[in-house]
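This report concerns only the one structure given below.
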Amino acid sequence: MSKIFPVIQCIIAAIVVSLLPLVACSIFDSIWVPGVVCFDIVLLLVVFFQKKLFAFRILLSVFLIVVLFATDSPYILATILFYLIVLWVAYFSFFNRVLSLIFFICCILFVSIADWSLFVESAFAMSLSELWGVARFFWWGIVAFIVVPVVQVAGCFLFSKELLCVKRDLSSLARKMILLVIALFGAHYALNDLPQIRVLDFSVYSFFKQQLQPGRISHSTYLQKDALDTFKIGDEKIIAVDSVCPTVMILVESWGVRKNLELNIIEFEVFNQNNVQFKGLWKRNASFTQAAEWEDFGMNRNLKKGKTLMEHYQNQSYDTWYLHGYDGNFYERNSSYDTLGFAHIKFREELAKENVEQCFWGNEDFEGLCDSSIANYIDVLLQDSVPKFIYWTTLDSHPPYATQKRPNSPICNDIGDDVACIHAVRIRNTLQAISNLASKHPEYRFILRGDHRPMGTLTSNSFITSFYWGWVPIIVLN
């Protein structure tokens, strides 16, 4: 039993790394489900086992080099190069046990990052960096990005430390470990046809495949020449408030810059009837809606330093408003925005009491008050003589999109993808309501900007990747 116990420890260590992603996938109904045993951890334990595995490392290295020259797949190449580096660093660091342990822990962290990247993109259609943009402002961000990796590393190390730190000769046990790897491969492929059951989780390979395959959810930040030739780039001078005037500032949900610039041009044509002062593109540092609001408020992330934009207007005796058609506890706005300079803050709960209409356009679990209805509400607000600053975050174009049937709209005549069609119709309806509102109130300046590219669906990766990352449209009216 004492001889087989380290083998059991190895299996437990590999399960520990897969356990939390497996639970997360079950809770959030992810379309990607990891295997029960993390193969990468098993292989790392074999590689780090002891220096008498030198022959094994040589054979594995030769095998990987042969495969390296026999493939042109970028993610297979990346995986092989990763393991070649691990093999030889592990061998040379073995003579220094501290370095060996540090490198082993770094490898566990990389495997952990790989698993969570796969989970986040499959469950939320976000990259880890996008999720970090959201999570760093909330308490659960510490759990997701600090506590969870530490628990995974600690758990893995707890069940493998005797294998790594042992000083006696374990060459016979090393052979058992290699046989264990072969057995796990056999079990994996024997059970591979069973639904939702995978023995092995190939985290490193899956991660490189996710990152390097064409069409993944990528960060296309740099504008191509056609975009730069077509649109002007907005800057702070465009929205300067040095000379205060009555203003309605609107954050349009999920309004991003398409790589198909003709579609952006068509959206801007909604405002042909308006007095357009500027139209172009705006560089967002934010990766989610509330962070875009903070940018617009003149805040450093979620930190208030100096006067906010709203306080600037308040000091000039303007009546300041914040409007949003969803729940006030979403992003904890109802408990934090009352200190930012808004005299009036209204969410779905308050607006519904004033008979603002709710939408039922199939956006399951995220239905709120219609943008067209809130535009009518703002119309009434602007009819008195008190000058106002109104900040409105729209809602209609919030994901998900696949929960709605394809609209019967001429907007979709040249759009084959249902998700893209739904998004385009929702955006266009919101822009039209804003255009009508701005036409009725030429005494008010209207500043419209998007918050981020559309997110929240993997039913159409090509739709998400058809937008630039970090760029949104901007238009200034009146």
Side-chain angles (χ1 to χ4, degrees), residues 17-18 21 25 30-35 37-44 46-47 57-90 103 106-132 149 181 184-185 188-189 192 198-225 227 258-260 287 417 453 455 457-471:
V17 174
S18 293
C25 287
S30 167
I31 62 174
W32 170 80
V33 180
V37 180
C38 183
F39 169 76
D40 302 281
I41 296 300
V42 175
L43 187 58
L44 287 170
V46 172
V47 168
R57 290 190 181 91
I58 290 293
L59 291 174
L60 185 56
S61 299
V62 171
F63 171 75
L64 291 177
I65 291 171
V66 170
V67 177
L68 184 69
F69 286 100
T71 182
D72 58 358
S73 170
Y75 44 88
I76 294 177
L77 290 172
T79 305
I80 293 173
L81 287 172
F82 171 80
Y83 276 114
L84 282 172
I85 293 170
V86 167
L87 281 168
W88 291 104
V89 172
F103 187 65
C106 290
C107 289
I108 300 174
L109 277 174
F110 183 82
V111 171
S112 176
I113 291 169
D115 272 337
W116 289 112
S117 177
L118 292 160
F119 163 70
V120 168
E121 286 204 7
S122 65
F124 307 114
M126 299 172 71
S127 67
L128 272 180
S129 61
E130 286 178 293
L131 184 66
W132 170 244
V181 172
L184 285 173
F185 260 117
H188 172 75
Y189 288 107
N192 197 43
R198 289 171 51 221
V199 176
L200 296 182
D201 179 29
F202 299 92
S203 304
V204 173
Y205 169 79
S206 300
F207 174 73
F208 283 126
K209 184 176 181 180
Q210 172 207 59
Q211 297 292 316
L212 299 175
Q213 69 176 343
R216 74 169 292 268
I217 302 172
S218 59
H219 287 356
S220 299
T221 303
Y222 299 103
L223 294 175
Q224 300 299 315
K225 185 177 184 299
R258 292 174 172 83
K259 296 173 184 175
N260 181 346
S287 57
D417 184 90
R453 68 176 177 185
M455 298 186 296
T457 177
L458 276 182
T459 57
S460 181
N461 273 3
S462 59
F463 167 64
I464 299 173
T465 56
S466 68
F467 291 80
Y468 285 103
W469 161 260
W471 287 95

Going by side-chain contact (heavy atoms from CB on, under 4.5 Å), name the residues that satisfy it together with [X], two or more places apart in sequence or in a different chain.
X	result
L77	L68, T71
S18	C38, D201
L109	P149, V153

Rounded at 0.5 Å granularity, tell me how far [atom1] in [X] sits from [atom2] in [Y].
X	Y	atom1	atom2	result
F208	I80	CZ	CD1	11.5 Å
L44	F110	CG	CZ	11.0 Å
C107	I41	SG	CD1	8.0 Å
F202	D115	CZ	CG	12.5 Å

Next on the checklist: Going by the rule side-chain hydrogen bond (donor to acceptor under 3.5 Å, both in side chains), which residues pair with Y83 if we only count those two or more places apart in sequence or in a different chain?
Outcome noted: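 Residues passing side-chain hydrogen bond (donor to acceptor under 3.5 Å, both in side chains) with Y83: D40.
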
Item to check | Donor-acceptor under 3.5 Å (S112 side chain, I108 main chain) | outcome: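 No, because the side chain of S112 does not come within donor-acceptor range (under 3.5 Å) of the backbone of I108.
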
Item to check | Y468/R453 under side chain to side chain contact (heavy atoms under 4.5 Å, CB included): CA gap, chis, key distance, verdict | outcome: CA-CA 7 Å; Y468 285 103; R453 68 176 177 185; over 6 Å; no

Item to check | Which atom of P74 lies closest to which atom of L212, heavy atoms considered | outcome: O-CD1, 3.5 Å

Checklist entry - Can you check whether Q211 reaches Y75 side chain to side chain, under 4.5 Å on heavy atoms? => result no

Checklist entry - Under 6.0 Å between the ring centres of F39 and Y205? => result no

